Structures are given as structure tokens and as C-alpha cells.
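These notes are about the structure you will find just below.
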Amino acid sequence: MKENMKEAYKNLYQNICDTIKEWEIKIGYRKEEIQLYYPEESLMELLETDKDSLKGILEEFCVASKEQMGDMMIYETEEKGRYCVRIPAQGVSYVHENLPESAFLKAFLQVVTAPGKKLEDVCQVFYDFSGEVTIEKVEEREWGIWFTKGDIDSYVYYVEEDEFGLEYHRFTKEAYQKLNN
């Protein structure tokens with residue numbers, strides 16, 4: 001396996017594990033299968049590949065991840081350009097038992113899901129973990145927020161504030177840049 005391919009596998013593997021931990025913090029741990037959905041573009045970005053090579057690389061990725069994640073399956077759904085990543089209970093348990101919970105993500109989720117919280121409260125969570133935070137206004141009530149160095153958390157949190165409270169989406173920096181160009 002090529003060295004850069006290992007790095008590409010690492011990107012998707014880390015993203016899957018981070019998402020499992022995010023769900024665990026939000027709704028708790030359950031030893032059961034999880035299905036995650038990715039746009040084709042996100043998979044190509046994370047695996048550093050093109051559309052023609054994607055299917056083969058996804059198959060290789062599942063084989064390479066089998067020891068930790070079990071018989072994971074990744075397949076295109078009926079909605080073309082959308083992929084389902086099916087992680088069996090073995091993989092969910094592996095992540096639960098072997099990967100630590102992010103203190104930042106836990107604090108972020110506590111604030112973003114609490115009634116009455118505002119953007120300033122979300123920003124304070126970031127600043128509680130680092131003085132190097134980037135806050136970018138996207139629309140009137142929408143912001144992209146991330147750690148400038150990415151050492152605490154490498155994602156961009158797209159936060160929306162409206163009369164009902166806060167909502168967020170988490171993107172890789174590359175996906176966020178594409179979204180806003």
C-alpha cells in the first residue's frame with residue numbers, strides 16, 4: 001500500500017471515528033450498527049482520489065479497517081452521489097472502548113444544544129480551549145468557527161442562530177471552503 005494512500009485511509013477512518021464519538025456524546029453509546037451518509041465529493045476529498053478510482057479504494061479501505069471496524073460496508077445509495085457507510089456494532093464498540101471523548105466537543109455540544117444560548121456562548125467554548133480561533137461571518141446569522149491551528153479539533157463548525165436557538169454542521173476545512181466559494 002502506498003504511503004499517501006495510508007494517509008488518505010487515515011483521513012476517512014478518523015472522520016468516521018469522530019462522527020461515531022460525536023453521536024455517542026449526543027445520544028449515548030449503544031452497541032449497535034450505525035449508518036453514516038457521505039456525499040461522493042466528501043469521500044473523494046477524504047480519500048484523496050477521483051470518481052473513477054473511488055469504488056475500488058472504498059473496497060480496499062473496508063478491508064484495511066476490518067480489524068477495528070469489523071465488516072464495514074460502503075456503497076452508493078439509490079440517490080446517486082450519496083454513499084452509506086455501514087459500521088457494524090463491532091466497529092462502534094471499538095471506537096467507544098478505544099478512542100477518548102473530545103473534551104472540546106463535549107463542551108461545544110452542551111452549549112449548542114442548551115436552550116437560550118447564543119453565538120457568543122459558542123465562541124466562548126472555543127476560546128476556553130485556545131486563544132487561536134477563527135470566526136467567519138457567512139450570512140446574517142451564520143458563522144464558520146474553527147481552531148486556527150487545528151490541534152484541538154480540525155473541523156469547521158458552521159453555526160446558525162435563529163429564534164429557535166442554535167444549530168450546527170461540522171465540515172472538514174476543505175469541504176467548508178468549497179461550500180463558501
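Along the sequence shown, residues carry numbers from 1. The structure presented is a predicted model; accordingly, all values stated were derived computationally and were not measured.
Evaluation of the side-chain contact (heavy atoms from CB on, under 4.5 Å) rule for F171 yields Y158, H169, A175, Y176, L179 as partners, not counting sequence neighbours.
Of all heavy-atom pairs between G150 and K173, the closest is CA-NZ, 4.1 Å. Nearest heavy atom pair, residue E76 against residue G81, reads OE2-N, 2.7 Å.
Between the side chain of T77 and the backbone N or O of C84, no donor-acceptor pair lies under 3.5 Å. A donor-acceptor distance shorter than 3.5 angstrom exists from the side chain of S65 to the backbone of F61, with no hydrogens or angles considered.
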Original post:
Going through the distances and angles, do N11 and L47 end up as a side chain to side chain contact (heavy atoms under 4.5 Å, CB included)?
Top reply: CA-CA 7 Å; N11 294 338; L47 291 166; over 6 Å; no

Original post:
Would I135 and C123 count as a side chain to side chain contact (heavy atoms under 4.5 Å, CB included) if you check the C-alpha gap in whole Å, the side-chain angles of each, and the deciding distance to 0.1 Å?
Top reply: CA-CA 8 Å; I135 302 170; C123 293; 3.4 Å; yes

Original post:
Run the salt bridge (charged side-chain N to carboxylate O under 4.0 Å, His left out) check on E32 and R30 step by step: do they pass?
Top reply: CA-CA 6 Å; E32 62 187 21; R30 291 182 64 151; 3.4 Å; yes

**OP:** Could you walk me through whether V122 and I145 pass side chain to side chain contact (heavy atoms under 4.5 Å, CB included), step by step?
**Re:** CA-CA 9 Å; V122 172; I145 309 170; 3.9 Å; yes

**OP:** Kindly determine whether R170 and D18 satisfy side chain to side chain contact (heavy atoms under 4.5 Å, CB included), including the steps that lead there.
**Re:** CA-CA 11 Å; R170 187 169 75 169; D18 289 348; 3.7 Å; yes

Subject >> CA sep, side-chain torsions, deciding dist, call: K51, E40, salt bridge (charged side-chain N to carboxylate O under 4.0 Å, His left out) >> reply: CA-CA 8 Å; K51 188 174 186 168; E40 183 175 70; 3.6 Å; yes

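The 12-atom threshold is not exceeded at CD of E41, counting heavy atoms of other residues, nucleotides or ligands nearer than 6.0 Å. Counting heavy atoms of neighbouring residues, nucleotides and ligands inside a 6.0 Å radius, atom CG of D128 exceeds 12 of them. Environment of NZ in K149: sparse, with no more than 12 heavy atoms of neighbouring residues, nucleotides or ligands closer than 6.0 Å. Environment of NZ in K178: crowded, with over 12 heavy atoms of neighbouring residues, nucleotides or ligands closer than 6.0 Å. When the shell of 6.0 Å around CD of E163 is examined, it contains more than 12 heavy atoms from other residues, nucleotides or ligands.
Put simply, CE on M73 and CD1 on I87 are 11.5 Å apart, with the number rounded to the nearest 0.5 Å. Note that CG of L58 and CG of L54 are 4.0 Å apart. Values are rounded to the nearest 0.5 Å. Remark: E22 CD to E101 CD distance equals 12.0 Å, nearest 0.5 Å. For the atom pair CD1 of I25 and CG of L105, the computed distance is 4.0 Å after rounding to the nearest 0.5 Å. Rounding to the nearest 0.5 Å gives a distance of 11.0 Å between CD of E24 and SG of C17. Of the inter-residue distances, the one linking L36 atom CG with I20 atom CD1 reads 6.0 Å to the nearest 0.5 angstrom.
Residues D71 and K66 are paired through a salt bridge, judged by an N-O separation under 4.0 Å between the basic side chain and the carboxylate.
Relative ring orientation between Y157 and F108 is described as tilted, the plane-to-plane angle lying within the 30° to 60° band. Classified by interplanar angle (parallel below 30°, tilted 30° to 60°, perpendicular above 60°), the ring pair F147/F126 is tilted.
With a 4.5 Å cut-off on side-chain heavy atoms, V95 and K21 count as touching. Inter-residue side-chain proximity for M69 and I16 is flagged as met; some heavy-atom pair is nearer than 4.5 Å. Using a 4.5 Å heavy-atom cutoff, the side chains of E160 and R141 are not in contact. Contact check for T172 versus E45: side-chain heavy atoms found under the 4.5 Å cut-off. Annotation: side chain of E161 is in contact with side chain of K118 (closest heavy-atom distance under 4.5 Å). Residues Y29 and V92 form a side-chain contact, since some pair of their non-hydrogen atoms from C-beta on lies under 4.5 Å apart. Annotation: side chain of S93 is in contact with side chain of K31 (closest heavy-atom distance under 4.5 Å).
Under the 4.5 Å side-chain heavy-atom criterion for grouping Ile, Leu, Val, Met, Phe, Trp and Tyr, L119 is not connected to W146 through any hydrophobic cluster.
Side-chain atoms of Y94 and E67 form no donor-acceptor pair, as typed in the model, at a separation below 3.5 Å.
Remark: aromatic rings of Y38 and Y83 are distant, center separation not under 6.0 Å. Between Y155 and Y168, the distance separating the two ring centers is not shorter than 6.0 angstrom.
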